[in-house]
2 protein chains.
Amino acid sequence: MVVKGIRQLADHLDISIGTVSRALNGKKDVNEETRRRVLEAAERLGYVANQSGRALRKGSTGVIGFMMQTGHEITGQGDTFFMSVFDGVQTVFARHGLDLVALLCSSEEDPDAYLERVVARGFADGIMLSATRRIDHRFALLDRRKIPFVSLGRSLTDVGQPFIDLDFEGMATTVMMRLATRGHRRIAVLRPHDDLNLGHVFVERCREVLAVHGLSLEDDLIFNASPNEAGGYRIGQELARHPNRPSAIAVLNDGSVTGLFHGLEAAGLTPGKDIAVIGLHSPQARYLSPRLTCFDLSLRDLGISLAETLLASMPAYATLYPDAAHRRLWPMTLIDGDSG
Amino acid sequence: MVVKGIRQLADHLDISIGTVSRALNGKKDVNEETRRRVLEAAERLGYVANQSGRALRKGSTGVIGFMMQTGHEITGQGDTFFMSVFDGVQTVFARHGLDLVALLCSSEEDPDAYLERVVARGFADGIMLSATRRIDHRFALLDRRKIPFVSLGRSLTDVGQPFIDLDFEGMATTVMMRLATRGHRRIAVLRPHDDLNLGHVFVERCREVLAVHGLSLEDDLIFNASPNEAGGYRIGQELARHPNRPSAIAVLNDGSVTGLFHGLEAAGLTPGKDIAVIGLHSPQARYLSPRLTCFDLSLRDLGISLAETLLASMPAYATLYPDAAHRRLWPMTLIDGDSG
DNA sequence: CATAGTCTCGTAAACGTTTACGGAGATCGA
DNA sequence: TCGATCTCCGTAAACGTTTACGAGACTATG
């Protein structure tokens, strides 16, 4: 048997709905014996408070939305990237009875309009943004709606909200120093869609680091490609027939590495020998040939930090996370491979 | 300026909230001029009906939940697999004002309890299941709660609900026939966690097909592994030192292929030469060395079909999809590669 | 015994929306 | 002119929950 409303549960117990509600919500002014009865009955009859009624009354939904865009391959993150981050986020949220859901915006719908709609509806108590663009209207939009949010990634158009981003500056420094000291003079960069912010941050820092070594990053060695295998393959081919071929390339597109290797090989070049390749973060790095030199980062921990940062900006939870990072660049450590 | 309730919007227009609501919802008994004014004002002031209030009154949320488990690598499908499916699902849902969200169940929470909680709360009007297990209590649970649902995958414990699953029988037939006629006598299978249903369906059909050729599938040639690179690597090593090594292997774990190749190579074996490898469906199939022989399937179309199937089982939409498939095995076509 | 305090519970209002119902005014036909 | 019909709109109830408020029954204290 399944009971449908608090009214039914209350009738069944011969108690008022007020007391039932208080018992279920752990309020103090309810007899322990009564509470036990209520809890037992709720468990046995499968009663769970209705989401809409509860949210309407409390003014909060207990839901946090992580916005993602389907179809489009835009982020450049690999297959299990988000699932690992989510797992970390959940660990934190579970402590507070919050639920994480992924808000899936179709490739046929305008992301800004989608987000505005979802937020205006009061669907979630907080929002997590990813795939942040250089010019990204979502920041101003969320700011106007006064909803707590955090972004996984930076933007030129942010509004002072908290964020966590990979430390692309640190990554650029590490990679360029390594390549320069190993004698590379012409270095290329492969980055995803130009609208995304991360590629710009990376390239900018690369230029600074290279300048110290008296080197520069040539414009014709900055490649954009879809963060998938086909994109990487195309660039591999392009590199091979480049009139003034670089001797190394830094790849921000995780999903492109396999394709890049293959594209190079198809053109007769051996990655790691004819051209050094350094990647960002690939779970399959150890299983490529040659083994990919790339970075290690704990995605689950990143998720935990992301969740804590968001909660710290929500009045109801702020005191619980007094020293959560407000804005943080997530450190990454290089792991040696055979590719560069 | 942003308006927060229908009351404010109504006051601003000097109209009753009833009329405003009717105007916004496209009811007929409202003057066209009035409707125009309401729509214009709502747009300008950024009013969108509150989710909780609307859902509470209407008894439906307009949300469909797709359940996924984070952390656990169990399905073997990556982010891009589901993102493609989601994109198809969305195209259908968008036509009806439905929203798809991914319900993310943490690896620390019991999936059955999680689903029960979400459904009992009335969070969604319909549910999509994936990563279906051989014995999967979620089917009975959803059946008991009388909520429309569809599963991407089969189970021994289903309850007659609609499903769509990959045609593992067809796949098994194609693969085994191909291998047998090419002279392979000892054939292995790599499948994900034993709890999942798909591996059993596949193996069963393999046995039947092989029997026709006077062959059998040896128990010690059926491998289980986590559907990731590490899992594949381990099996690669294991195959190499197998006392009676098979000459071919069918791999259901998409995420394991890279690792498998590497594991074999590390042990001195060349995939496609020393041992034939046929995969399931890998976006990077063309970019591996050797090129992976595997199957092609349109994930976006699968998503469309999945959505239509669900809607067909929901009273409110059933008449719109009179000939949606109730239970369907999704066809897959083999693409030649160099691996087997 | 009177009073104050404590514990427990019931009552009712409120959250924001949709919608059944009915009423006012306009139009129309006889 | 008078119903009848139609168009448009306002009123109020209902959805399921939480919670402020107050009341009744005890207990403690003097």
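Residue numbers start from 1 in every chain, and the chains themselves are labelled A, B, ... in the order their sequence lines are given, proteins ahead of strands.
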Discussion item. If you compare all heavy atoms of Pro148(B) against all heavy atoms of Asp125(B), which two are closest, and at what distance to 0.1 Å?
Written reply: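 Shortest heavy-atom contact: CD-O, 3.4 Å.
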
Under 4.0 Å, heavy atoms only, any strand: does [X] hit a base, just the sugar-phosphate, or nothing?
| X | answer |
| --- | --- |
| Gly18(B) | base |
| Asp29(A) | base |
| Thr34(B) | sugar-phosphate |

Worksheet entry | Distance-only side-chain donor-acceptor flag, Arg328(B) / Ser305(B), under 3.5 Å | yes

Item to complete: Examine the side chains of Asp87(A) and Ser107(B) and answer whether a donor and an acceptor come within less than 3.5 Å of each other.
Response: yes

Nearest whole angstrom, please: distance from the [atom2] of [N] to the [atom1] of [X].
| X | N | atom1 | atom2 | answer |
| --- | --- | --- | --- | --- |
| Leu56(A) | dT17(D) | CG | P | 12 Å |
| Ile6(B) | dG10(D) | CD1 | C1' | 13 Å |
| Lys28(B) | dC9(D) | NZ | C1' | 15 Å |
| Leu9(B) | dT17(C) | CG | C1' | 13 Å |
| Asn31(A) | dT6(C) | CG | P | 18 Å |
| Ile17(B) | dC8(D) | CD1 | P | 21 Å |
| Ile15(B) | dC9(D) | CD1 | C1' | 9 Å |
| Asp11(A) | dG10(C) | CG | P | 11 Å |

Phosphate OP1/OP2 of [N] contacted by [X] side-chain N/O (<4.0 Å):
| X | N | value |
| --- | --- | --- |
| Thr19(A) | dG10(C) | yes |
| Ser16(B) | dG10(D) | yes |
| Lys27(A) | dT19(D) | yes |
| Ser21(A) | dT18(D) | yes |
| Tyr47(A) | dG16(D) | no |
| Arg54(B) | dT18(C) | yes |

Worksheet item: Hey, which of these two, Asn50(B) or Arg22(B), hits DNA chain C nearer its 5' end, going by closest nucleotide?
Response: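 Its nearest nucleotide being more 5', the pick is Asn50(B).
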
Discussion item. Of the listed nucleotides (dC9(D), dT18(C), dT19(D)), which one gets closest to any side-chain atom of Arg57(A)?
Written reply: dT19(D)

Fill in: Note: Glu32(A)-Arg35(A) ion pair, threshold 4.0 Å (strictly below)
yes

Practice prompt. Verify whether the ring centers belonging to Tyr47(A) and His12(A) lie closer than 6.0 Å.
Written response: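 No, ring centres 6.0 Å or more apart.
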
